[in-house]
Structures are given as C-alpha cells and as structure tokens.
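Read the structure below first, then the notes.
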There are 2 protein chains.
Amino acid sequence: MAEVKENHVSSRRQEILAAATQAFLDKGFSGTSMTHLAKVCGIQKASLYHHFPGKEDLFIACVTDGYAQAVDQLDDLHGDDTLNDVEKITAAFDCLYRITISSPVGRLSPVIAEVSRTMPNVAKMFHANYIARQQAVLEKIISAGVERGSYRPQNYKVLHHLVFGPIVTLSLSREMFASFDDLDSHFPVDELKAGHLSAILTELGVADTMQPLSQPA
Amino acid sequence: MAEVKENHVSSRRQEILAAATQAFLDKGFSGTSMTHLAKVCGIQKASLYHHFPGKEDLFIACVTDGYAQAVDQLDDLHGDDTLNDVEKITAAFDCLYRITISSPVGRLSPVIAEVSRTMPNVAKMFHANYIARQQAVLEKIISAGVERGSYRPQNYKVLHHLVFGPIVTLSLSREMFASFDDLDSHFPVDELKAGHLSAILTELGVADTMQPLSQPA
DNA sequence: ACTTCCCAACCGAACGGTCGGTTGATCTGC
DNA sequence: GCAGATCAACCGACCGTTCGGTTGGGAAGT
C-alpha cells in the first residue's frame, strides 16, 4: 500500500524529469519553456511548480538524477575481480561508451556547456560528481595494471585526454548531427570503439591481440 | 574613399558579429537576446535588423564568418612542401588545437549543438564546411605519408576519432569549466597536445623521438 | 461511525517582464 | 536631394512565476 503510493508520487516526479530531460536535449535549457514542458507532461504549468521550485532547480534535478544511475555502473566495474587487466579495460570502454552516448547525463553535456556561464555551480557539480568520478575509476583500473606490470607508467592527465576525448566528442557529434539520415555510417560506435581501445592498449604497452595482419611465425 | 566607406560599413557589421559571437559563447543561442546584443554593441535594436534580417541569420553569419578565416589556415598547411611528414603532422596538430580552442568557430561548437535540432541546416552546413574540411586535410596529410612509407595504413574514420576527439573535448571542457580558477592546470593545452601527438605518432607507426626514457643502445 | 481538519496535488487565470520583430521619423554624407 | 544608417517608440506573443481556489484521500477528535 505504502509502496503503491510511493510509486505513484515518485512516478509523477520521474515522469516530469524524463520529459524535461528529453526537452532539454532537444531544445537546450533556454529553448525549453515551462509551458511546453507542462504540455508534454499533460499537466498545468502551475503543477510543475508544485514539484520543483523553478526551472533551474528542475534542470539540476535532471542532471543529478541522470548521473546518479550512471555512476553506479562505473563503481561496479572496478569492483569486479574476476577479470584480468585487459578484460577490465575492455569492460571499462564498453561502460564509458554506453554511459556517455546513451545515458541522459552523458548526452546532457552540451546543455550543461550552454548554461555553464550562467550557472557555474552546475558545471562544478557536474565535474565533481560525473567527470572526476569517471576519471578516478579509469585511473584506478590503469594504475592497478601498472603496479602488476601489465601497463607502462602513464601521465594520467594525458591518458584521460586520450580516453575520454574521443568518447565525448562522439557523443557530441551524434547529438549535433542527429538529423543526418546516415548517422550510424558517419559515426559507427562499435567500429570506433574497437579502434579506440586498440590504440589505447598500444599506448599502454600491451601487444594488440586483435592485429588482423597475418604474420607467419 | 570607397575603401574608407567600405571599411566603415563592414566594420560596423564586423563589430556586431564579434559582439554577437561573444554573446552566443557566453549565453548560448536562445539565451542571447537581440535587446542585450544591441546594448553591448551600443546601438538600438532596430539598427541590428538593418544589418541582419533576423536573429537566426545573425547567428549563421557568426558561424560562417568564423570558419571562413579558420579553414584558410588549414589549407596553407597542406600546401607547405618544405616540411617532412612528421613535421607536417606536428604543424597540423598546432593548427588544429589553435583553431578548435582559440578561434570563434571552434568554440561555437557547443552552441551549434544547442540549435542543431531546431536548425538542422546549420548543423549540416557546419559539418560540410568545417568538420569535413578539417578531416579532409588531415586525411590528405596522412595518406601522403602512407604512400611515402612513413606511416602505417590507416582506418581514417578511426583516425579522425582519435585525432579530433581529444581536441574537441578539450575545447568543450575549457568552455564548460571556464569558471574554474585553475583552468590551465586542469586542462594544460600544451602538455595534452604533446602527449596526444606522441600517441598518434605511435599509432601511425613512427618511433617516438620524444621518448624520455634513457634507453642505452 | 461520522464529522472535522489537513494537506499534497492540481487547476485556470493572471502577473510583470522580455522576447523577436516592425514602424516611421530623423540624421548624415555625398 | 537622396539613399543608407540610426533612432525612439511600439507591437503581439510568450516567458517564468505566482495567485486564489478546488479536489480527494487519509489522520484526528468525539
């Protein structure tokens, strides 16, 4: 009973958050109006203000709610001890690509960029709770491999640059050129991910096992 | 005389474009009002509409004007035959980092992402005249090196992913976290560029001459 | 069991203000 | 005197936000 009620209450809130996230993705922050938001939610504008004190708070809730679920996946990653070093980084790539390209919070990055000047606190929060945590998990995985001698020692600032750069840009490009009818041939996620992983493994000093060249011993 | 007049007329236009570009960078497209724009230009709003038929046209002019000057630098790059292959790609990295991070058009990318859903034609134009041309120049430089045997053959989609990804993300990050007081220590352009170039050279099959490890022959 | 009260949720209507865009008059340089 | 540049004033539409009021399902009082 109490559960039903709770579900009902939070589902309304979640419903608004989902619609708002989609709207912010489509039209940006300033381009999204509370009137439009109310319309797609099927409620009156005033009712929005019953659930959220203002537009800015609503946006912050979208971001917070978004990375809450995203970062959990990352923490699971590091904890898994059944994988060897290369398997671990492969799993990490799968996870990072999925989060950045498919999850709301990853896709919201350009919108956060839009408001970063007028709401610098949101940018700070986003960096601390999303960017920095992603970097920390990657750094843990790599440094563990370095200690075991699997990888060469790394400049981690450069490594983050090389790992996150292509992923974030791919996500941005896919948002930016979403209107292209040949989006997946322009930006084929799996192919780019595989090439990217291969390059990073090379950079880490791991012989690339995927090497397609038939090289007779 | 005619030159003076032309300068006068076009300087007014350039003045507006510069102020508008900065405003769009600060507040995004929807967040920038024509009223505010007129104020920072020191003219009346109606005068803006004398020079540009509308807000959207003004924005397009900002983008167009931005990459007009940016792409010229790129074409110079490919034409220079006094450089060898590695020098050429090093110069290309300098140029790409400079354009993407410092020039208006590079920094405008997040704003184009903001409007890409409502103005898909702008996104298309941006891709054709800026993204695609950058990729074409890079591809020419690399493929010339491949033909001469300096580089390993490449999957160019992956290569673009690896080269442009970190640069664009660095630019985005610096816009996004411009409010950080330690921006340059968080995102040290020269250090990241050097590490990035080194990794790409490795990927191209070039022995890294910058290798800091003292390795006795 | 029945009344009273509470309160979250929702609504229609309106607030002051700003939006992108327009009008017609005035100024300026040739 | 004439064409282009600039201006103050204005327009309807829409913005984020708030108001006063209604609803309906539980808790409290008797």
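Sequence lines set the chain letters: A, B, ... in the order given, protein chains first and strands last, and positions in each chain run from 1. Values reported hereafter were calculated over all heavy atoms of this structure, with side chains retained and with hydrogens, waters and symmetry mates removed.
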Practice problem: Using atom NZ of B:K39 as one end and atom P of C:dG20 as the other, report the distance to the nearest whole Å. | Solution: 12 Å
Quiz item: Rounded to whole angstrom units, what separation is found between the NE2 atom of B:H51 and the P atom of C:dG20?
Solution: 18 Å
Quiz item: What residues, two or more places apart in sequence or in another chain, satisfy salt bridge (charged side-chain N to carboxylate O under 4.0 Å, His left out) together with A:R98?
Solution: none
Which protein N or O atoms sit under 3.5 Å from an N or O of nucleotides 7-11 of chain D?
unit_1 : atom_1 : unit_2 : atom_2 : d
D:dC7  : OP2    : B:Q44  : N      : 3.0
D:dC7  : OP2    : B:S47  : OG     : 3.4
D:dA8  : OP2    : B:Q44  : OE1    : 3.4
D:dA8  : OP2    : B:Q44  : NE2    : 2.2

Quiz item: Roughly, in whole Å, what's the span from CZ in B:F24 to C1' in C:dG20?
Solution: 12 Å
Quiz item: Should the pair A:K55 and A:F29 be classed as cation-pi, given the thresholds of under 6.0 Å to the six-membered ring centre and 45° from the axis?
Solution: yes
Quiz item: Is the closest side-chain donor-acceptor distance between B:T169 and A:T169 under 3.5 Å?
Solution: yes
Practice problem: Tell me, please, which residues at least two apart from A:Y67 pass ring pair (Phe, Tyr, Trp, His ring centres under 6.0 Å). | Solution: none
Quiz item: When the distance from NZ of A:K55 to P of C:dG17 is rounded to whole Å, what number comes out?
Solution: 19 Å
Exercise. Find the distance B:F29:CZ to C:dC19:C1' and express it as a whole number of Å.
Key: 12 Å
Exercise. Give a yes or no on whether a salt bridge exists between A:K27 and B:E114, defined as a side-chain N under 4.0 angstrom from a carboxylate O.
Key: no
Side-chain polar contacts of residues 157-165 of chain A - donor-acceptor pairs under 3.5 angstrom, sequence neighbours left out - could you list them?
unit_1 : atom_1 : unit_2 : atom_2 : d
A:K157 : NZ     : B:S185 : O      : 3.0
A:H160 : ND1    : A:Y156 : O      : 3.2
A:H160 : NE2    : A:Q135 : O      : 3.4
A:H161 : NE2    : B:Y97  : OH     : 2.8

Write down the protein N/O and nucleotide N/O pairs, taken from nucleotides 12-14 of chain D, whose separation is under 3.5 Å; answer none if there are no such pairs.
none

Quiz item: With A:T35, which residues qualify under side-chain hydrogen bond (donor to acceptor under 3.5 Å, both in side chains), at least two apart?
Solution: A:K45
Self-check item: Pair A:H186 + A:F177: ring centers closer than 6.0 Å
Solution: no
Quiz item: What nucleotide among D:dT17, C:dA9, C:dG21 has an atom nearest to a side-chain atom of B:Y49?
Solution: C:dG21
Quiz item: Roughly, in whole Å, what's the span from CG in A:L48 to C1' in C:dA9?
Solution: 12 Å
Practice problem: Looking only at side-chain atoms of B:H50, point me to the closest of D:dG4, D:dT17, C:dA9. | Solution: D:dG4
Quiz prompt | Test applied, side chain to side chain contact (heavy atoms under 4.5 Å, CB included); reference residue, A:I101; option that passes from A:K193, A:R174, A:E175 | solution = A:R174
Quiz item: Reckon A:T32 touches a base, only the sugar-phosphate, or nothing at all at heavy-atom distances under 4.0 Å?
Solution: sugar-phosphate
Quiz item: Quick one: B:F52 CZ to C:dT22 P, roughly how many Å, whole number?
Solution: 16 Å
